[in-house]
Engineer: 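Would you mind keeping the following structure in view while I ask a few things?
Just so you know, residue 1 is the first one in the sequence shown, and it goes up from there.
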Amino acid sequence: ITLATGAPLDASKLKITRNPNPSKPRPNEELVFGQTFTDHMLTIPWSAKEGWGTPHIKPYGNLSLDPSACVFHYAFELFEGLKAYRTPQNTITMFRPDKNMARMNKSAARICLPTFESEELIKLTGKLIEQDKHLVPQGNGYSLYIRPTMIGTSKGLGVGTPSEALLYVITSPVGPYYKTGFKAVRLEATDYATRAWPGGVGDKKLGANYAPCILPQLQAAKRGYQQNLWLFGPEKNITEVGTMNVFFVFLNKVTGKKELVTAPLDGTILEGVTRDSVLTLARDKLDPQEWDINERYYTITEVATRAKQGELLEAFGSGTAAVVSPIKEIGWNNEDIHVPLLPGEQCGALTKQVAQWIADIQYGRVNYGNWSKTVELP
């Protein structure tokens, strides 16, 4: 990624205006995902003429934009999602922020918005968290959701390269995605709508990828399914589930080995940080004599056939919000494919194991590969 011209993003130029009315932490049981925000936000303007401007942490509040700003008309918008966690030692750590910054720069470059120095934005995000450290919740399943966003703010109609942009970061204390433990979902295998296609932007985290997916989800919901299992092409390859990457576990009855499989990164698949974490941990921790870990194409037909043969063991989605989301059923061709769960539980064995591996790293119980970035608190 080529960095934007002009002044580079510089965390040392940070200006802080503190909120005169700091809020009190809400009780954990009141935290609804993405509905409560902290007292401060970070904003950094950019212009083609000057480059990156002064980073400013200021009280959380509305943005003021011209009605002709290009974000409103031509979808010059991208975002990221990551989390910070309070550890048992009462430190606060961000989970793999370098991966999110790298992906954010790829998204920006793809839609002609400015790129930036990843480490500088990580430092600035740490400073933002520092201002609102009392609002980072404690407890397993609780975290601070971090939403970096970049928008084109150039005034005037007409499609062209934005000459002005705004990078901002807001944070939200959140509770567990599943309040009462795992809740396995029913999916509708969807071939009547396409989430992404070759040569498109399915591997970038652009807002424009998300709005068109709501209507198929509503259509699936009317038929009793919570999410779409996105298929692609005449082969009906499985790509993603809802807004998450997706994994399936098969048994090879000939060799006795199990296979963890997910779609390859071919430009249509979001380069999920949780996806990468699942693959890395599985390759590191699962016995290669018993497991194959593969990124390969596989179809809904393969899933249906192997389910009938007793070779479908489990399936789950992966993403920042839920970490892992177990799947119990897939509707396809007027039939429901049953996905096994552990007896009396709402997930499969590997789903449960992966969730534990990742939670142990996120909450500082296990140190793994410098995945946790400590926020320096005064």
Engineer: Side chains of P198 and D266: does their closest heavy-atom pair fall under 4.5 Å?
Structural biologist: no

Engineer: Look at K373 together with D98 and state whether they make a salt bridge at an N to O cut-off of under 4.0 Å.
Structural biologist: no

Engineer: In this structure, which one of E259, K258, K257 forms a side chain to side chain contact (heavy atoms under 4.5 Å, CB included) with W291?
Structural biologist: K258

Engineer: Does W46 belong to the same Ile/Leu/Val/Met/Phe/Trp/Tyr cluster as I57, with side-chain heavy atoms less than 4.5 Å apart forming each link?
Structural biologist: yes

Engineer: How long is the gap from OG1 on T255 to CG on N252, to the nearest 0.5 Å?
Structural biologist: 3.5 Å

Engineer: First locate atom CG of L63, then atom CD1 of I151, and finally report the distance between them rounded to the nearest 0.5 Å.
Structural biologist: 6.0 Å

Engineer: Go through the steps for K204 and L78 under the test side chain to side chain contact (heavy atoms under 4.5 Å, CB included), then give the verdict.
Structural biologist: CA-CA 8 Å; K204 308 298 188 291; L78 60 101; over 6 Å; no

Engineer: Decide salt bridge (charged side-chain N to carboxylate O under 4.0 Å, His left out) for K133 and E130; before the verdict, give the C-alpha distance in whole Å, the side-chain angles of both, and the deciding distance to 0.1 Å.
Structural biologist: CA-CA 5 Å; K133 59 183 183 286; E130 186 185 303; over 6 Å; no

Engineer: Looking only at heavy atoms, which two atoms of L341 and I327 are closest? And how far apart?
Structural biologist: CD2-O, 3.9 Å

Engineer: When you look at CZ of F79, are more than 12 heavy atoms from neighbouring residues, nucleotides or ligands closer to it than 6.0 Å?
Structural biologist: yes

Engineer: Between OG of S372 and CD1 of I92, what distance do you get to the nearest 0.5 Å?
Structural biologist: 13.0 Å

Engineer: So, the side chain of K352 versus the backbone of L342: is there a donor-acceptor pair under 3.5 Å, distance only?
Structural biologist: no

Engineer: Give a yes or no on whether the backbone of S163 and the side-chain of S154 come within a donor-acceptor separation of less than 3.5 Å.
Structural biologist: yes

Engineer: Taking CZ in R283 as the centre, count heavy atoms belonging to other residues, nucleotides or ligands within less than 6.0 Å. Is the count above 12?
Structural biologist: yes

Engineer: Filter on side-chain hydrogen bond (donor to acceptor under 3.5 Å, both in side chains), then keep only pairs touching residues 60-69, sequence neighbours left out; what's left?
Structural biologist: D66-S68

Engineer: Determine yes or no for a side-chain-to-main-chain donor-acceptor pair under 3.5 angstrom, with N333 supplying the side chain and E335 the backbone.
Structural biologist: no

Engineer: Can you measure from OG1 (T299) to CD1 (I238) and round to the nearest 0.5 angstrom?
Structural biologist: 6.5 Å

Engineer: Taking H56 for the side chain and M41 for the main chain, is one N or O donor matched with an acceptor at less than 3.5 Å?
Structural biologist: no

Engineer: Taking CG in N370 as the centre, count heavy atoms belonging to other residues, nucleotides or ligands within less than 6.0 Å. Is the count above 12?
Structural biologist: no

Engineer: With distance as the sole test, does E77 use its side chain to make a donor-acceptor pair with the main-chain N or O of G207 at under 3.5 Å?
Structural biologist: yes

Engineer: For T374, enumerate each residue passing the side-chain hydrogen bond (donor to acceptor under 3.5 Å, both in side chains) test, keeping only those at least two apart in sequence or located in another chain.
Structural biologist: none

Engineer: Is any side-chain heavy atom of L144 less than 4.5 Å from a side-chain heavy atom of T38?
Structural biologist: yes

Engineer: May I ask you to decide if P173's main-chain N or O and Y142's side chain share a donor-acceptor pair within less than 3.5 Å?
Structural biologist: no

Engineer: Measure the shortest side-chain to side-chain distance between R275 and V278 over non-hydrogen atoms and say whether it is less than 4.5 angstrom.
Structural biologist: no

Engineer: Where do T125 and M94 come nearest, in terms of heavy atoms and distance?
Structural biologist: CG2-SD, 3.9 Å

Engineer: For F95, check ring pair (Phe, Tyr, Trp, His ring centres under 6.0 Å) against everything at least two apart and list the hits.
Structural biologist: W371

Engineer: With a 4.5 Å cut-off on side-chain heavy atoms, are L286 and L350 touching?
Structural biologist: yes

Engineer: Answer yes or no: is there a side-chain heavy-atom contact under 4.5 Å between V201 and I111?
Structural biologist: no

Engineer: Of the non-hydrogen atoms in A307 and H338, which two are nearest, and what is the gap between them?
Structural biologist: CB-O, 4.5 Å

Engineer: Kindly determine whether S23 and D39 satisfy side-chain hydrogen bond (donor to acceptor under 3.5 Å, both in side chains), including the steps that lead there.
Structural biologist: CA-CA 7 Å; S23 59; D39 297 338; 2.6 Å; yes

Engineer: Step by step, would you call F116 with N105 a side chain to side chain contact (heavy atoms under 4.5 Å, CB included)?
Structural biologist: CA-CA 7 Å; F116 57 88; N105 268 318; 3.4 Å; yes

Engineer: Is the closest side-chain heavy-atom distance between I129 and V136 below 4.5 Å?
Structural biologist: yes

Engineer: Can you see which heavy atom on P216 is nearest to which on A193, and at what distance?
Structural biologist: CG-CB, 3.7 Å

Engineer: Which residue pairs pass the ring-ring contact (aromatic ring centres under 6.0 Å, His included) test with at least one member in residues 230-277, sequence neighbours excluded?
Structural biologist: F247-F316, F248-Y298

Engineer: Shared ILVMFWY cluster between L31 and V323, side chains joined below 4.5 angstrom?
Structural biologist: no

Engineer: May I ask you to decide if T36's main-chain N or O and S172's side chain share a donor-acceptor pair within less than 3.5 Å?
Structural biologist: yes

Engineer: Any carboxylate oxygen within less than 4.0 angstrom of a Lys/Arg side-chain nitrogen, looking at R103 and E80?
Structural biologist: yes

Engineer: Side chain of E314, backbone of A349: donor and acceptor closer than 3.5 Å?
Structural biologist: yes

Engineer: Kindly compute the distance separating CZ (F72) from OG1 (T153), expressed to the nearest 0.5 Å.
Structural biologist: 10.0 Å

Engineer: State, yes or no, whether a side-chain contact exists between L82 and R96 at a heavy-atom distance under 4.5 Å.
Structural biologist: no

Engineer: Y145: which residues meet the side-chain hydrogen bond (donor to acceptor under 3.5 Å, both in side chains) condition with it, sequence neighbours left out?
Structural biologist: R147

Engineer: Please walk me through it: do Y168 and T149 pass side chain to side chain contact (heavy atoms under 4.5 Å, CB included)?
Structural biologist: CA-CA 5 Å; Y168 66 92; T149 307; 3.6 Å; yes

Engineer: How long is the gap from NZ on K127 to CD1 on I16, to the nearest 0.5 Å?
Structural biologist: 6.5 Å

Engineer: What I'd like to find out is whether the side chain of L281 reaches to under 4.5 Å of the side chain of Y368, using heavy atoms alone.
Structural biologist: yes

Engineer: Should D203 and K106 be marked as a salt bridge (charged side-chain N to carboxylate O under 4.0 Å, His left out) after you check the CA-CA gap, both sets of side-chain angles, and the distance that decides it?
Structural biologist: CA-CA 9 Å; D203 59 338; K106 285 183 185 176; over 6 Å; no

Engineer: Can L270 be reached from I358 by stepping across I, L, V, M, F, W or Y side chains whose heavy atoms are under 4.5 Å apart?
Structural biologist: no

Engineer: Looking only at non-hydrogen atoms, find the nearest pair between P67 and H73 and report the distance.
Structural biologist: O-NE2, 2.8 Å

Engineer: Minimum heavy-atom separation for L113 to A165, with atom names?
Structural biologist: CD2-CB, 4.1 Å

Engineer: So, S107 side chain and K205 main chain: donor-acceptor pair closer than 3.5 Å or not?
Structural biologist: yes

Engineer: Please determine whether residues I361 and V324 belong to a single hydrophobic cluster, defined as Ile, Leu, Val, Met, Phe, Trp and Tyr linked transitively by side-chain heavy-atom distances below 4.5 Å.
Structural biologist: yes

Engineer: Do the side chains of E329 and R223 get close enough for a salt bridge, i.e. N-O under 4.0 angstrom?
Structural biologist: no

Engineer: Report yes or no: do V303 and W332 belong to one cluster of Ile/Leu/Val/Met/Phe/Trp/Tyr joined by side chain heavy-atom distances under 4.5 Å?
Structural biologist: yes

Engineer: For R296, look at atom CZ and say whether over 12 heavy atoms of other residues, nucleotides or ligands are found less than 6.0 Å away.
Structural biologist: yes

Engineer: Can you list the residues that meet the side-chain hydrogen bond (donor to acceptor under 3.5 Å, both in side chains) rule with R110, with sequence neighbours excluded?
Structural biologist: none

Engineer: So, does N228 use its side chain to make a donor-acceptor pair with the main chain of E188 at under 3.5 Å?
Structural biologist: no

